[in-house]
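Chain letters run A, B, ... following the sequence lines, proteins first and then strands; every chain starts at 1.
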Protein chains: 2
Amino acid sequence: MDDPGNGCHAALVQLQAYLAQMDHAGETRLPAERELSESLGVSRGDLRKALAVLEKDGRIWRHVGRGTFVGSGPVEETIGISEIAGRTNPADVMRARLILEPEIAREAALHATLSDIAAMRQSLVQTREAVTWRQYENVDNLLHRQIAQASRNNVLLGLFDVLNAVRRTVVWGRLRSEGARPPADHHSFADHERIVEAIAERDLGGAAAAMRLHLQQVERRLIPVREAAE
Amino acid sequence: MDDPGNGCHAALVQLQAYLAQMDHAGETRLPAERELSESLGVSRGDLRKALAVLEKDGRIWRHVGRGTFVGSGPVEETIGISEIAGRTNPADVMRARLILEPEIAREAALHATLSDIAAMRQSLVQTREAVTWRQYENVDNLLHRQIAQASRNNVLLGLFDVLNAVRRTVVWGRLRSEGARPPADHHSFADHERIVEAIAERDLGGAAAAMRLHLQQVERRLIPVREAAE
DNA sequence: AATTTAACCAATCCGCATATGATTTCCCTC
DNA sequence: GAGGGAAATCATATGCGGATTGGTTAAATT
């Protein structure tokens, strides 16, 4: 049932030749089945059987409405934030931040330019000048992203953006109602200054440690402390 | 110039009332400017001034063609992989992998279920049975993803997927032509087994260290060694 | 009876009309 | 003539219908 007639085998041979010829040209998408079957002189059924073999072998992949392509997998072009956010919780987000952001701060300490550091310091000032929770959050977001940007690694920056988007989706509408004014002696002020200072001094380990400490403070504030439990 | 007439102030007051009334309903998008100006009985110019104030304050955000929304930021729904991949290079990808994946392995050692570990071991076997470079890559990808899945943290899994997609986009069409057979004594076989073993034994540090070592081997193989240079 | 062919289905892409925020221009009023 | 508001205009994003494509089923042909 898998190799019924010789027509199927002939189609597979022709297809492999076509693939080899096409792979050299750097083209990834091959013609529609209706065209290709006529072009190769085989029936569409046999062509589809040959394509199925190659697909199971991982040499091509197909998708309805798009076409048939050479390569191992579809390489999703976009990642849905809500897809991730819908299947997770604040604790997991916090864990991911604790893993990623300290290392990003370390990279920033290694690669930040002077203008990066100047921009961070300006954000520090703006953080203290915020008169609204919303404003504070905005500047806080900006500062963290500036640190990621200072790593001079666009992959890390992209991962940070994804994580940030997931975080904002997952904790949406949480800390809204607790008074509309900025906290005067908020721990984050000193935390942020320590982080930026370590980056400015090129203290790799210090930057990572300061960021880790800051995030642990945030975590402690996010989840009401249950000291007796642990 | 900022508060020319009383019309602007009146518009701002009405708008704030409208926002408060709407925020309770959970709706985030407010009507078009042309409708809203007529609905509130103010000129569109005054309405826009009031909206500009609220936007600078971070209470709303606007975008051409979409509308005006309440909230601090647009919260991008999708992240474009090619956007990240287009602005980076293999070295940055490798650096990000070295930061993220060892920590994911550590989490996996902590949270993996028995069936997770069984699936990994099966992938190990399939890795050795691969008769084609493409097949090997597929199983290798699967194994690394299984490790990320075993972390039982969907955020980390999502970040891994993003990183993986960027990697496959950025190094696409690289290691293709070096012989179509799987390497017999590939270092990755032993590396992978060490990683899975450490996860199975709940050796957190060991899993992270094994993964780090593995990735460093991959890096060394990706970038032709220039021993004298360093 | 088997295979080819055609027809149909579900998902995707593409072009065009529409909607929306931003900007400019024109006109009216004082 | 100067200010302000309404309308026109622009640039961008969305929504929808037709065309395309892989997947499936039925008819036809040999």
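- Atom CG of residue B:L157 and atom CG of residue A:D92 lie 10.5 Å apart, to the nearest 0.5 angstrom.
- A:R95 and A:N89 share no donor-acceptor pair across their side chains, judged by distance under 3.5 Å alone.
- Rounding to the nearest 0.5 angstrom, the gap separating the CD atom in A:E101 from the CG atom in A:N164 is 7.5 Å.
- The shortest heavy-atom contact between B:L47 and B:S37 is CD2-N, 3.7 Å.
- Salt bridge status for B:R152 with B:D116: present, with a side-chain N to carboxylate O gap under 4.0 Å.
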Exercise for the section: With salt bridge (charged side-chain N to carboxylate O under 4.0 Å, His left out) as the test, would you mind laying out the steps for A:R48 and A:E55 before giving the verdict? Expected result: CA-CA 10 Å; A:R48 282 186 58 75; A:E55 183 181 34; over 6 Å; no
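- The CZ atom of B:R128 lies 14.0 Å from the OG atom of B:S123; values are rounded to the nearest 0.5 Å.
- Taking atom CG of residue A:L51 and atom P of nucleotide D:dT24, one finds them 13 Å apart after rounding to whole Å.
- A straight line from CG of B:D46 to P of D:dG3 spans 16 Å, rounded to a whole angstrom.
- Atom CH2 of B:W61 is separated from atom C1' of C:dT20 by 12 Å (rounded to the nearest Å).
- Salt bridge present: A:E33 and A:R62 bring a charged side-chain N and a carboxylate O closer than 4.0 Å.
- If you measure from atom CG of B:L40 to atom P of D:dG5, you get 15 Å, rounded to the nearest angstrom.
- Of all heavy-atom pairs between A:A96 and A:L163, the closest is CB-CD1, 4.0 Å.
- Between the axis at the start and the axis at the end of the helix from C:dA1-D:dT30 to C:dC30-D:dG1 there is an angle of 30°, using five pairs per end and rounding to 10 degrees.
- Here the C1' atom of nucleotide D:dG23 and the NZ atom of A:K49 are 15 Å apart, to the nearest Å.
- Using a 30° and 60° split on the angle between ring planes, B:Y136 and B:H192 fall in the parallel class, below 30°.
- For B:Q16, the CD atom is densely surrounded, since the number of other residues' heavy atoms within 6.0 Å is greater than 12.
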Enumerate the protein-to-nucleotides 16-22 of chain D contacts in which both atoms are nitrogen or oxygen and the separation is below 3.5 Å.
{"from": "D:dT21", "atom 1": "O2", "to": "A:G65", "atom 2": "N", "distance (Å)": "3.2"}
{"from": "D:dG22", "atom 1": "OP1", "to": "A:T68", "atom 2": "OG1", "distance (Å)": "3.4"}
{"from": "D:dG22", "atom 1": "OP2", "to": "A:E33", "atom 2": "N", "distance (Å)": "2.9"}
{"from": "D:dG22", "atom 1": "N7", "to": "A:R34", "atom 2": "NH1", "distance (Å)": "3.1"}
{"from": "D:dG22", "atom 1": "O6", "to": "A:R34", "atom 2": "NH2", "distance (Å)": "2.9"}

Protein-nucleotides 26-30 of chain D N/O pairs closer than 3.5 Å?
none

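- As rounded to whole Å, 10 Å separates atom P of D:dA6 from atom CD of B:E38.
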